[in-house]
There are 2 protein chains.
Amino acid sequence: MVTISDVAKAAGVSISTVSYALSGKRAITASTRTRIEAAIRELDYEPNAGARMLAGATTNILALSAPIHADGHLPTHMRFVTAVVDTARKHDYDVLLLATDDDVSGIRRVAASSLVDGVVAMGVKNHDERVDVVRRAALPAAFIGIPGEDGHSGDGVACVDLDFELAGRLAVTTLAEAGHRSIGVVGHPPTYLARGTGFVQRFNLGLEAEAAARGIRIAVVSPTLARGAAERAFDELLDASPEMTAVIFHCNEPVVESVLRRIRERGLDVPRDLSLFAACASYDTSHLVIPLDCIPLPLDLMCRIAVESALRQVRGADALGVELITPVTENRGSVARPRL
Amino acid sequence: MVTISDVAKAAGVSISTVSYALSGKRAITASTRTRIEAAIRELDYEPNAGARMLAGATTNILALSAPIHADGHLPTHMRFVTAVVDTARKHDYDVLLLATDDDVSGIRRVAASSLVDGVVAMGVKNHDERVDVVRRAALPAAFIGIPGEDGHSGDGVACVDLDFELAGRLAVTTLAEAGHRSIGVVGHPPTYLARGTGFVQRFNLGLEAEAAARGIRIAVVSPTLARGAAERAFDELLDASPEMTAVIFHCNEPVVESVLRRIRERGLDVPRDLSLFAACASYDTSHLVIPLDCIPLPLDLMCRIAVESALRQVRGADALGVELITPVTENRGSVARPRL
DNA sequence: TTGAAAGCGGTACCAG
DNA sequence: CTGGTACCGCTTTCAA
């Protein structure tokens, strides 16, 4: 193993000079720096991680708390994970994946042993135990999602999320302005709400408020992930509100796909008979059987903001509180004016 | 931060005694041990990871090299990842997720900095650069999949995989013994083979050998993941071999689902008109629209073996070479004797 | 069975 | 602008 003193010897300088050349924390003459860099390259030197942690009190590792739920959507989950890893690497950080412990103990463990500089938490719930843990440990942390019963305070920790409430309003507004007066909603499974995922609540809040304000009729179904549940839910929707002219999807891709197939089976034309809108879509809506107008879930941006917030806190900054991302819409031709 | 000397002081012993009590590497009087354990609990002591790495030369961290391919199946990928994390945790190891660098540089980096004790590599290719890296670094490593052009040597590194060749034979045998003489195969996208994933080759090898030995007619299609490709491929299969009485799936779940739907659309009854068999299924075949007889991909077992092989090497054991898992079949009623 | 002390490989302070 | 050196917290050898 090649150490810093090997490099120092090779470059004919002291180890502190090498250390400073590496960290950039003090000025180095150009010629000295060149020699050091050459030595590093020649010897293929890489600083020892353990020594660095011990002396420097910083690990360049971020924990990613990524609990997996039985009813969760694995592809979406995976996209979040890789987006976090990507961003972390851009900042020269590695990611330790916490996906198996009950989350709290994993975080507690890596924090107590100073294995990580901070933590990014996904799958955030209203009542999230991890909030207490990171606060008590004074651990730099960023939540992807907003903890806290009220849905906007964030319980005092840094968090980032799409503004789901606004997204709910925006979805209704988009359809309302196209002339729709009765809208169906295909939502996430009821277990999401039961589990306390705030974003479903916030989305529904915005949706209902906007609908009420505009006097628009809303009917919601929340199919489970069981085979055929999505199709049945859609049928129910049509039976209950035959006058319905538009549907908002706020659910995962497989459910959307099932419903789209059902729509075809029933011989409905989109957007002539029915307008469709995918809200907070974690998937690409342009490759569906019927491409959908949508509000994309800005997953990469969310992860980037979270990682960078955590790293800012590592550098001593205060947690910035709740950061809401403004939803935007994308057009794919699945929304049109309803026939009279 | 509470350190080992705090514990030593509280227990009224030296730090070495505490260290040994923790590691169990030398005998400790019961009473002493009790006092130490009490102190640890009271102070909520957790050994500092950096210090441990530095002094002990072991990190209790495993790297997981998990490259993501555009044509890969995210849920399967995620299942591998969590299975590795699970097993690692059972052995008190944490997992550092390498999913963004070109893999080689990530492995090289964490190895050179002694950040990890070993590495588990998934998404293995015939010509896998990672093999060289771990060999040169003498890094404990286990590959999930078999590197090497010949498909069985493993290029001298530890690796584990389902015996895909045998699985190919077994799939054919199962159908042949039920009386089928013409079998269609729906395979993975052609990009898999192009990328050099050995398991597809090995499966095909076994399949073709067994079919040849039994004089069974085989027709293979390899649909891409594009929408409608699976359905079209199945139609082709039927057009090309109208006498076909059985189909083997060796592809990902969405392709299977598309074909199953097409089978229904065409009004075919399973297993009366067509027998179906899912080979090396990374998904649960009992929850499909039509439950399928299958050879399950023993994903958890593979990950367990890989992690444990890597850890054995950490402890100084030699790499055990190629470990092949014998495929087994499961019955769901989708295979029957063909009508005459 | 226990303790003292020499590192492990960096970081950062204090001198120069 | 550069060098010497006292730690960081733990493991392990050597002595007792």
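Only a predicted model underlies this, so the values are computations on that prediction, with no experimental measurement involved. Proteins come first, then strands; the chains are lettered A, B, ... in the order of their sequence lines, and each starts at number 1.
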Say whether [X] and [Y], considering side chains only, have a donor N or O and an acceptor N or O under 3.5 Å apart.
X      : Y      : result
B:S65  : B:R130 : yes
A:T59  : A:D117 : yes
A:S14  : A:T17  : yes
B:T100 : A:D86  : yes

Look at all strands and tell whether [X] reaches a base, only sugar-phosphate, or nothing, counting heavy atoms closer than 4.0 Å.
X     : result
A:V13 : sugar-phosphate
B:S23 : nothing
B:T29 : sugar-phosphate

Send over the distance from [X] [atom1] to [N] [atom2], rounded to a whole Å.
X      : N      : atom1 : atom2 : value
A:K25  : C:dC14 : NZ    : P     : 15 Å
A:M1   : C:dG9  : CE    : P     : 6 Å
B:I4   : D:dT11 : CD1   : C1'   : 8 Å
A:L115 : D:dG9  : CG    : C1'   : 14 Å

Should [X] be listed as having a side-chain N or O under 4.0 Å from OP1 or OP2 of [N]?
X     : N      : value
A:S19 : C:dT11 : yes
B:S5  : D:dC10 : no
B:T32 : C:dT2  : yes
A:T17 : D:dG3  : yes
B:S16 : C:dT2  : no
B:T3  : D:dG9  : no

Point-to-point distance, once rounded to the nearest 0.5 Å, from CD of A:E46 to OG of B:S114:
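If we round to the nearest 0.5 Å, A:E46:CD and B:S114:OG are 9.5 Å apart.
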Calculate, to the nearest 0.5 Å, the distance between atoms OG and CG belonging to A:S105 and A:L98 respectively.
8.0 Å
Going by modelled atom types, is there a donor-acceptor pair between the base of C:dT1 and the side chain of B:R26 at under 3.5 Å?
no
Expected list for residues 52-63 of chain A near DNA chain D, using heavy atoms below 4.0 Å, is A:L54, A:A55
5' priority, DNA chain C, between A:Y20 and B:I28 [closest heavy atom]
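On the 5' side of the pair lies B:I28.
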NZ/NE/NH1/NH2 to OD/OE distance under 4.0 Å, A:R109 and B:D94
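Salt bridge between A:R109 and B:D94, a charged N being under 4.0 Å from a carboxylate O: yes.
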